[in-house]
Amino acid sequence: MAAREFTTPVPRVSEVPFRMLPAARNWERIALKWRNIAERRRDHHLDLYKSERWKHYYTDEEFLIEMRQAVAIAERWAVIAPRPGEREVPAAIEQPVAA
């Protein structure tokens, strides 16, 4: 797969036609749920690390792999489903000035 910058597949509500608003809102809601799950998983692994409970369940190498995967997945979902305040503002379209 070619290395290229990834942008979110979830459109802004302002970018979709009026008839697609309910579908776009639903898509965004579902994507944010998956992002929350990924972040909770990452936080759970961090909690395991801080409390050292991970030693009961994993070897050093296994936990390192699990932790890296949890962090990577959470970061990926942050790109896929940005929260409304995290989205970049679209560039303003220059309007011609009336003379």
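Keep in mind that what you see is a predicted model, and the values were worked out from it rather than measured. FYI, the numbering just counts along the sequence from 1.
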When you group the ILVMFWY residues by side-chain heavy-atom contacts below 4.5 Å and let the links chain together, are [Y] and [X] in the same group?
X: Tyr58; Y: Leu46; answer: yes
X: Ile73; Y: Met67; answer: no
X: Ile65; Y: Phe63; answer: no

Pairing residues for Tyr49 by the ring-ring contact (aromatic ring centres under 6.0 Å, His included) criterion, not counting sequence neighbours: none
Salt bridge (charged side-chain N to carboxylate O under 4.0 Å, His left out) against Arg53, all qualifying residues, sequence neighbours excluded: Asp47
Criterion salt bridge (charged side-chain N to carboxylate O under 4.0 Å, His left out) on Glu39 and Arg76, from CA distance to verdict: CA-CA 10 Å; Glu39 288 175 346; Arg76 182 69 170 182; over 6 Å; no
Atom pair CH2/CD1 of Trp34 and Ile37 - distance to nearest 0.5 Å: 5.0 Å
Interatomic distance, Asn36 atom CG to Trp77 atom CH2 [nearest 0.5 angstrom]: 10.5 Å
Charged N-O contact under 4.0 Å between Glu52 and Lys55: yes
Atom of Asp60, atom of Trp54 and distance for their closest heavy-atom approach: OD1-CH2, 2.8 Å
Side-chain (Arg42) to main-chain (Val71) donor-acceptor, under 3.5 angstrom: no
Thr59: side-chain contact (heavy atoms from CB on, under 4.5 Å) partners, not counting sequence neighbours: Glu61, Glu62
Reference residue His45; test side chain to side chain contact (heavy atoms under 4.5 Å, CB included); the match among Arg68, Glu66, Gln69: Glu66
Residue Arg83 excluded, over 12 heavy atoms near CZ under 6.0 Å: yes
